[in-house]
Amino acid sequence: MRQITKFLIFLVTILTLKSCGLFDSGSDTIIDDYEVTWIDLHEERALYKGEQLVPPYVFEAGHDEKYIFAKQHPLIETDDIIDLKTTNFYIIERTNEIFQDKKTYGPLSEKQFRKLCNELGIKNPEFELTYPTNLKW
């Protein structure tokens, strides 16, 4: 009888934690298999294509016919706090393969990003997906 009671308590605990959002997640498709995804914490939002291409915290993403663009504030690893003072830019050449097999550029400063956009023929990169940067802990 004690084993059944322990199992029921365990089951109720897991279901309660799941319903509280402890195991929450979400994703938004940029295009094709490129996604901005988070698991458990919104601060963990990163860009994926079968693997992580841009680490957290991705706060803007977009694309054109050849490239994916992303803006990222890095996490201060010791505190898991978003570093709003630093903005990194990424450019990822799109591929049809399951995993990224083409060039990924970044992290770049805004000046480097604009220069590389010019070199690659990217005109007016638009960031269609935007996420809040004022997350509360």
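Since the structure is predicted, the reported quantities are computational estimates derived from the model, not experimental observations.
Closest heavy-atom contact between E97 and T95: N-OG1, 3.2 Å. Scanning all heavy atoms of the two residues, the minimum distance from F89 to T87 falls at CE1-CG2, 3.8 Å. Annotation for T86 and P74: closest pair O-CD, 3.5 Å, computed over non-hydrogen atoms.
Inter-residue side-chain proximity for I30 and L129 is flagged as met; some heavy-atom pair is nearer than 4.5 Å. Residues D24 and I39 are not in side-chain contact: their nearest non-hydrogen atoms beyond the backbone lie 4.5 Å or more apart. Put simply, the side chain of V58 does not reach to within 4.5 Å of the side chain of Y90, judged on heavy atoms. Using a 4.5 Å heavy-atom threshold, the side chains of Q100 and I92 count as touching. Between F127 and F69, the closest side-chain pair of non-hydrogen atoms falls below 4.5 Å.
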Q.
Would L75 and I82 count as a side chain to side chain contact (heavy atoms under 4.5 Å, CB included) here? Give the steps.
A. CA-CA 5 Å; L75 292 181; I82 300 169; 3.7 Å; yes
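Sparse packing is recorded around CG of N96, with 12 or fewer heavy atoms of other residues, nucleotides or ligands lying under 6.0 Å away.
In this structure, CD on E43 lies 12.0 Å from CD1 on I76, to the nearest 0.5 angstrom. Atom OG1 in T130 sits 10.0 Å away from atom CD in E128 (nearest 0.5 Å). The distance from the CD1 atom of I91 to the NZ atom of K103 is 11.0 Å, given to the nearest 0.5 Å.
Within the structure, the salt bridge (charged side-chain N to carboxylate O under 4.0 Å, His left out) test picks out the following pairs touching residues 45-58 (sequence neighbours left out): D33-K49. For the ring pair (Phe, Tyr, Trp, His ring centres under 6.0 Å) condition, the pairs that include at least one residue of residues 30-51, sequence neighbours left out, are W38-H42.
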Please list, one pair per line, the donor and acceptor atoms closer than 3.5 Å that link side chains of residues 106-124 to other protein atoms, with sequence neighbours excluded.
{"residue": "S109", "atom": "OG", "partner": "Q112", "partner atom": "N", "Å": "3.1"}
{"residue": "S109", "atom": "OG", "partner": "Q112", "partner atom": "OE1", "Å": "3.3"}
{"residue": "Q112", "atom": "OE1", "partner": "S109", "partner atom": "N", "Å": "2.7"}

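Proximity of a side-chain donor or acceptor of T29 to a complementary backbone N or O of I31 within less than 3.5 Å is not detected.
There is a path of hydrophobic side-chain contacts, each under 4.5 Å, that joins V36 to Y57. Note: the hydrophobic cluster containing L41 does not contain L84 (ILVMFWY, side chain heavy atoms under 4.5 Å, direct or indirect links). Hydrophobic clustering places L47 together with Y131 (ILVMFWY residues linked when any side-chain heavy atoms are closer than 4.5 Å, directly or through intermediates).
Checked against ring-ring contact (aromatic ring centres under 6.0 Å, His included), H73 has the following partners two or more places apart in sequence or in another chain: F59. When the salt bridge (Lys or Arg N to Asp or Glu O under 4.0 Å) test is applied to D32, the partners found at least two apart in sequence or on another chain are R94. Annotation: side-chain hydrogen bond (donor to acceptor under 3.5 Å, both in side chains) contacts of N88 (sequence neighbours excluded): Q72.
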